[in-house]
Amino acid sequence: MKAFQLIACGTPGRFELRDLPDLQAGPGEVVVHVRACGLNHLDLWLEEAGLPIKPALPRTPGGEIAGTVAHIGEGVADWQPGERVAVQSNLFCGACEFCRAGEESACLNGVLLGVQVDGGFAGQVRVPARALVRLPDKVDFIASAALTLAGSTAMRMLTQRASVRPGDWVLAMGAASGVGSAAIQIARGLGARVLSTASSPAKRDLALRLGAEHVVDTAAPDWPAEVRRLTGKRGVDVVVEHIGGEGLPKIFECLARGGTVVTCGATAGRNVTFDLWPFFVKQQRLVGSYGRSRADMVETLAWAADGRLQAVVDAVLPLAETGEAFARLRARQVLGKLVIVP
Ligand SMILES: [Zn+2]
């Protein structure tokens, strides 16, 4: 099989398209024929050695995988070759106290697919059978690979980590990002009124098309004032955030009393300072959200199957052009998702 492998970390890293032997499924494992794999910021962090986890190289990146079961290992009873699947990229042990409670993303023995083990920018990927989720007939491989990582992250943030109620104001940061584009649609589907942010006219149009009522440009120095104006000086009930860095204090300026900032990343920086006085006086919350459980993926795919959640795909590229996809995502020249088809 072909595999697009990272052989040296850097900005950019060094990649090679390699011929590797076909994979064999061990006990409890499944080999999936990869039909599509989405690119995410996590892949960029792997490329630049920006993760707290040091991966062994060479490594095949890619965690947002849709495909068909190629073959099954000993003891796998639930899956048959040919079945259409999406892969839960937070590989989980299934045995620790969090897994037993269905909280797979809090697994004490979690392994990141495409970081700690080889991922889906390849013809095949090998995963534990428990990582598979059935792909509904109405969701094609490209849509799944554009939704099941970023989209299910947004689903978890809005339904499990924060609870959005009809009529709430939600600010979804970064309309053109995978998480942002899904968060706008999911918040709307939950009955919320939605604001988003965008840095170009094309990204603004996308936000409006997905259901945002207004779009704010975070390049304006006092953009939180615009959010407060749009919400009748009240502020928003929930912010879906994945940027962090120096922008985080401004995000708190957008938040209503009793409101919640839910964050799943820190693409602009992990170390932040903010003023605790308004935070506790206004009785606000800052909530972390990490990955997803299979239940979040099942929910996301059900929304996609019945048309409530659209995949936003910028481009579909062949495996040989995966390096260009990394460069485009790093340059923030992407509207929605880049999907690789091996
Ligand atoms: Zn576990």
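Just so you know, these numbers come straight off a predicted model, no measurement behind them. The chain is numbered in sequence order, starting from 1.
At a threshold of 4.0 Å, the pair Arg156-Glu299 does not count as salt-bridged, since none of the basic side-chain nitrogens sits closer than that to a carboxylate oxygen. The residues Asp140 and Arg35 are annotated as not salt-bridged, no charged nitrogen and carboxylate oxygen being separated by less than 4.0 angstrom. Taking 4.0 Å as the cut-off between side-chain N and carboxylate O, Lys250 and Glu253 do not count as a salt-bridged pair. One finds a salt bridge joining Asp118 and Arg59 here, because a Lys/Arg side-chain nitrogen approaches an Asp/Glu carboxylate oxygen to under 4.0 Å.
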Please determine whether side-chain contact (heavy atoms from CB on, under 4.5 Å) holds for the pair Thr260 and Asp237, giving the CA-CA distance in whole Å, both sets of side-chain angles, and the decisive distance to 0.1 Å. CA-CA 6 Å; Thr260 301; Asp237 300 286; over 6 Å; no
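Atom CZ of Arg285 has 12 or fewer heavy atoms from other residues, nucleotides or ligands within 6.0 Å. Counting non-hydrogen atoms of other residues, nucleotides and ligands closer than 6.0 Å to CG of Asp306 gives a total above 12. Counting heavy atoms of neighbouring residues, nucleotides and ligands inside a 6.0 Å radius, atom CZ of Arg234 exceeds 12 of them. At most 12 heavy atoms of other shown residues, nucleotides or ligands fall within 6.0 angstrom of atom NZ in Lys233. Environment of CZ in Arg308: crowded, with over 12 heavy atoms of neighbouring residues, nucleotides or ligands closer than 6.0 Å. The local environment of CD in Glu246 is sparse, with at most 12 non-hydrogen atoms from other residues, nucleotides or ligands closer than 6.0 Å. Residue-environment remark: CD (Gln310) stays at or below the threshold of 12 foreign heavy atoms within 6.0 Å. Counting heavy-atom neighbours within 6.0 Å of Arg188 CZ, excluding the residue itself, gives a total of 12 or less.
In the model, Thr153 has a side-chain atom that pairs as donor or acceptor with a side-chain atom of Arg292 under 3.5 Å. Residues Arg161 and Ser289 have side chains that never bring a donor and an acceptor to within less than 3.5 angstrom of each other. Inspection of the His242 and Thr263 side chains reveals no N or O donor paired with an N or O acceptor under 3.5 Å. A donor-acceptor pair shorter than 3.5 Å cannot be found between the side chains of Arg330 and Thr11. Checked by atom type, the side-chain pair Glu104/Asn90 shows no donor-acceptor distance below 3.5 Å.
Residues Leu132 and Val87 meet the side-chain proximity criterion, which asks for heavy atoms closer than 4.5 Å. The shortest side-chain heavy-atom distance between Met157 and Val238 does not fall under the 4.5 Å cut-off.
The stretch residues 136-165 participates, sequence neighbours left out, in no ring-ring contact (aromatic ring centres under 6.0 Å, His included) pair at all. Identified under the ring-ring contact (aromatic ring centres under 6.0 Å, His included) test for residues 175-203, with sequence neighbours left out: none. Listed by first then second residue, pairs satisfying side-chain hydrogen bond (donor to acceptor under 3.5 Å, both in side chains) with a partner in residues 200-214 read Arg193-Glu213, not counting sequence neighbours. Here ring-ring contact (aromatic ring centres under 6.0 Å, His included) pairs that include residues 261-285, with residues two or more places apart or in two chains, are Phe252-Phe274, Phe252-Phe279, Phe274-Phe279, Trp277-Phe280.
At a threshold of 4.5 Å between side-chain heavy atoms, the hydrophobic network of Ile, Leu, Val, Met, Phe, Trp and Tyr places Met173 and Val240 in two separate groups. Cluster membership check: Val133 shares its hydrophobic cluster with Val139, using side-chain heavy-atom separations under 4.5 Å among Ile, Leu, Val, Met, Phe, Trp and Tyr.
For Ser293 against Gly102, the heavy-atom pair with the smallest separation is CB-O, 3.7 Å.
Applying side chain to side chain contact (heavy atoms under 4.5 Å, CB included) to Ile184 and the options Leu210, Leu195, Val312, Val170 leaves one that passes, Leu210.
The other residues sharing a hydrophobic cluster with Val316 are Ile142, Val313, Val339, Val341, where clustering joins ILVMFWY side chains under 4.5 Å apart. Taking Ile, Leu, Val, Met, Phe, Trp and Tyr as members and joining any whose side-chain heavy atoms lie under 4.5 Å apart, directly or through other members, the hydrophobic cluster of Phe4 also contains Leu6, Phe15, Leu17, Leu39, Leu42, Leu44, Trp45, Leu46, Leu51, Ile53, Leu57, Leu112, Val115, Phe121, Tyr290, Leu317, Leu319, Phe326, Leu329, Val334, Leu338, Ile340.
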